[in-house]
Each structure stands twice: as C-alpha cells, then as structure tokens.
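Worksheet: one structure, shown below.
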Amino acid sequence: MSSAYVLIAFAVCILLMILFISKWKIHPVTSILVATIILAISIGTPWDKIEGIINKGMSDTLKSIAIVIVLGCILGKVLEETGAAVSITKATVKLFGEKRVLWAILLASGILGIPIWADTVVILLIPIVSNLALQTNKSMMSYGTALYMGALVTASLVPPTPGPVAAALLHLPLSDAIMWGVLISIPSVFAAGLYCLTLKEPVAPQDEYIKSAEASKDKPLPSVGTSLAPIVLPLVLIFLNTGINAMFPDTAVAKVFKFIGSPLAALLAGCLFSLVLTGAEWRSKKVMNDWVESALRSSAMPIMVTAMGGALAAFIKNAGVANAVAETVVQFSIPGIIIPILIAALIHVITGSNALGVMTAAALVEPMLGALGISPLAAFLACGTGALMFKHANSSGFWVTVTMSNMDIRQGIRAVGGGSTVAGFTGAALTVILHFAGII
C-alpha cells in the first residue's frame with residue numbers, strides 16, 4: 001500500500017469526521033467511531049479484527065484518563081455550587097485594585113479554568129464582572145471577553161480540565177503537562193489581556209446581571225484560602241511526587257508518593273478537601289449524590305470522545321500514516337511542530353470545540369511523534385495552543401460570552417474571535433521557539 005494512498009485515506013477520514021460533526025451535527029463520539037471504521041476498511045484491516053482493535057484502543061486510553069476526568073469534574077462542581085469561584089474572583093479584584101480590574105478578571109478566570117469548563121466560568125461570574133464594568137465605566141466588550149479568555153486558555157492547556165487530560169494519550173506525565181501548560185498559559189493570557197484593552201467600543205452590561213450581583217452581595221462565601229486549597233492541593237501532591245521520585249528514587253517515601261501524588265489520589269484528595277466548602281451540608285444527599293451525579297454527566301462526553309480518539313489512533317498506527325506524513329513533511333520542508341498546531345486549529349475552527357480540538361489532535365499526532373521529530377511535551381503544547389485559534393459562532397462558549405456580555409455578533413467576532421486567536425498564536429509561537437531551542 002503506497003504512502004500516498006495511506007495519506008489520502010487518512011485525510012478523507014478526518015474530513016468526513018469533521019463534516020459529520022460540523023455540517024450534519026452528528027455527535028463527536030459517533031462521528032469519530034464511523035471515521036475510524038472507514039479508515040480501518042480503507043487500509044485493508046481484516047473485517048474480523050476491526051472490533052477488537054477498536055476495543056483495545058479505547059480501553060488503553062480509558063485506563064489512563066477516565067478517573068482523572070471524573071474527579072476533575074466533581075471538583076469543579078463543588079467549586080461552582082459552594083461559591084468558591086465567586087470568592088476567588090472577589091479576592092483577586094480586591095488584590096489588584098480598581099485600576100487593574102481587567103487583569104484581576106483574567107487571573108481569577110485563568111485559575112478557575114483549571115478545574116471548571118470555560119463556559120461555566122462565564123455563567124458563574126458574569127454578574128460580578130457586569131457590576132465591575134458598571135462601577136469602572138468600562139465596556140463589557142473588554143471585560144466579558146477577558147472573563148472568557150482566562151478560562152479558555154487554561155481549559156485548553158492545564159489539566160485536569162478534560163481537554164488537556166489528552167496529555168495521557170501522548171504518554172506525557174501529568175506533572176509535566178500541568179507545569180508547562182501553566183508556563184505557556186501565562187503569556188497567552190497576558191497577550192489576550194493586552195488585546196482586551198484595545199476593545200473600547202461602548203457595550204453596557206445587562207441589567208439582570210447587575211441586579212443579580214447586588215442581590216448576592218451579602219451572601220456568605222467561603223474564605224479565599226479555603227476556596228483555593230482544593231485546586232492547589234492536587235497540584236502540590238503531583239509535583240511532590242515528581243520531585244521526591246527524582247531525588248530519592250526507589251526509597252520507601254518515593255513509593256508512598258508514587259501513589260499519593262498520582263493523578264487519581266491527588267485529585268481525590270482535592271475532592272475530599274473541597275467538602276470543607278460545603279459546611280454542614282457535606283453529608284447531605286445533595287452534596288454526596290446529586291452533585292456527583294451531575295459531574296458524572298459532564299464527564300461522560302469528554303471521556304468517550306478521548307476514548308474514541310484512542311481507537312482512531314490504533315488504526316493510524318497500523319496504517320503507516322506516520323511514515324506517509326513524514327515523507328510529506330520532508331518533501332515540502334514543513335517543520336514537524338507545525339502539524340499538530342494546524343490539526344488542532346482546523347478541528348477547533350470547524351467544530352467550535354477547543355476540548356475536541358486538543359483531544360482529537362493528540363490522538364491523531366501520537367502515532368506520528370517519531371516521524372515528526374517532536375517530543376510528547378511539544379506535541380501537547382502544540383495541540384493545546386492550536387485548539388485556541390479563532391473561537392467563533394459555531395461555539396457554545398462564544399455565544400455564552402457574547403450574549404451574556406450584551407455584544408452583537410460583529411462585536412463578538414472581533415472580541416472573542418480576535419482574543420482567542422491572539423492567545424492561541426502567542427502560545428503556539430512560544431511552543432515553536434521552545435521546540436527549536438531544544439527546551440521541549
């Protein structure tokens with residue numbers, strides 16, 4: 001089977017998958033499954049072997065990501081319901097002061113985007129941000145976009161938000177994904193913030209959110225330290241595991257921290273500690289059952305999409321797609337690091353989902369790492385930054401931000417589309433520089 005045929009078959013299947021999702025509105029799980037079967041048949045996989053390879057690709061992926069995504073969603077749900085997200089935001093604004101409110105919004109949003117979906121961060125905090133816009137006489141075009149940008153960037157680059165958990169598909173340690181995801185997020189969010197400062201077209205906040213903010217002004221909130229602790233604790237445990245095992249390998253304490261600092265145990269510790277935020281309600285059915293059930297529903301889609309990506313990756317390995325791509329890269333002198341950026345950006349722009357862009361691009365690129373000459377870390381950052389490019393009208397996050405910020409479609413494209421592209425391009429450029437410098 002020629003390399004050209006393999007590459008064409010691969011490209012057609014990916015195009016079909018994107019068309020299923022974007023044009024015919026078929027769910028991503030079904031779309032990826034159908035595209036996987038088409039690829040399997042087109043590359044000559046024996047019919048009786050197809051189901052077994054799909055199941056193995058899914059199970060190999062699920063064992064490394066499923067529990068992490070579930071626990072991350074549970075943690076995010078507790079932070080939403082207890083007012084911890086609001087507490088963190090109010091404390092950040094107080095710390096920065098009135099003249100630097102936009103940077104406070106970006107920081108609070110970026111922190112909350114680590115465990116909470118970006119769309120949800122906007123829904124939670126839009127009353128506070130609307131009130132701040134009124135008090136400081138600033139445009140919601142600027143403040144509303146800033147609220148979304150911080151969470152959008154970290155939700156694409158920093159686990160345990162479901163998209164970046166795709167680092168597991170690339171066999172990248174979660175501690176590395178978190179550390180480098182944060183490092184690339186900081187300049188990306190900063191660049192988006194500078195862009196938000198240019199958005200001065202007057203857009204007034206909606207009255208309903210001003211009233212909502214006023215009504216909840218005196219509502220008791222958990223302290224900022226307690227609110228941050230469930231987010232910080234898992235990160236500290238994961239980094240301690242990495243550090244202790246590097247300095248004292250094969251010791252008793254290293255073995256203990258291999259479990260305590262594993263993604264499963266670290267996130268479980270964060271979830272358990274978050275019960276402090278619930279006060280006397282921690283033993284209630286609402287907390288122990290209803291919130292968990294809601295988080296499980298939220299986690300089902302990203303778990304299955306990522307698992308299907310693993311199934312697709314299994315056939316990509318069998319088809320020799322990596323060699324075909326390598327030949328194309330050499331023939332046209334395309335730097336290998338550009339390939340995952342382009343794939344993630346293409347999937348995101350067409351489907352509107354940055355999480356789908358990160359997860360699918362990671363699954364597609366993993367079998368090609370050697371051929372592309374890039375490390376798993378470089379591939380992860382390339383997928384995460386590429387999946388930020390140009391958020392527009394086919395995205396739920398776009399509409400949540402635009403409608404709640406009182407913008408029209410033209411203003412939304414300029415604000416949200418422009419801001420996400422600036423953030424994505426900044427992160428992608430830094431990723432390319434770090435790759436060629438031999439750092440990642």
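Numbering starts at 1 and runs along the sequence shown.
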Does atom [atom1] of [X] have more than 12 heavy-atom neighbours from other groups under 6.0 Å away?
X	atom1	answer
F390	CZ	yes
D250	CG	no
E51	CD	no
F425	CZ	no

Original post:
Got a salt bridge between E201 and R410, using NZ or NE/NH1/NH2 to carboxylate O under 4.0 Å?
Top reply: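 Salt bridge: yes.
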Subject >> Check ion pair E81-K286 (N to O, under 4.0 angstrom) >> reply: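 Between K286 and E81 there is no salt bridge, as every charged N stays at least 4.0 Å from the carboxylate O atoms.
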Subject >> Reported OG-to-CG distance for the pair S130 and L147, which is rounded to 0.5 angstrom >> reply: 8.5 Å
Subject >> Euclidean distance, L268 CG relative to L75 CG, rounded to 0.5 Å >> reply: 10.5 Å
**OP:** Kindly indicate whether the side chain of Y148, heavy atoms from C-beta on, has any atom under 4.5 Å from the side chain of D119.
**Re:**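 Touching, per the 4.5 Å side-chain cut-off.
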Original post:
Going through the checks in order, is the side-chain contact (heavy atoms from CB on, under 4.5 Å) test met by L388 and L152?
Top reply: CA-CA 8 Å; L388 289 168; L152 179 66; 3.7 Å; yes
**OP:** Applying side-chain contact (heavy atoms from CB on, under 4.5 Å), run through M149 and V416 and close with a yes or a no.
**Re:** CA-CA 8 Å; M149 287 301 108; V416 176; 4.1 Å; yes
**OP:** For I21 and L356, run side-chain contact (heavy atoms from CB on, under 4.5 Å): C-alpha distance rounded to whole Å, both residues' side-chain angles, the deciding distance at 0.1 Å, then the answer.
**Re:** CA-CA 11 Å; I21 297 169; L356 187 63; 3.8 Å; yes
Original post:
Is the closest side-chain donor-acceptor distance between K391 and N354 under 3.5 Å?
Top reply: yes
**OP:** Check the angle between the aromatic planes of F20 and W24 and answer parallel, tilted or perpendicular using the 30° and 60° thresholds.
**Re:**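 If you compare the ring of F20 with that of W24, the planes turn out tilted.
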**OP:** Answer with yes or no after comparing the ring centroid distance for W103 and F190 against a 6.0 Å cut-off, counting only values under it.
**Re:**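 W103 vs F190: aromatic centres under 6.0 Å.
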**OP:** Report the C-alpha distance between L237 and L233 in whole Å, list the side-chain angles of each, state the deciding distance to 0.1 Å, and finish with yes or no for side-chain contact (heavy atoms from CB on, under 4.5 Å).
**Re:** CA-CA 6 Å; L237 291 175; L233 178 61; 4.2 Å; yes
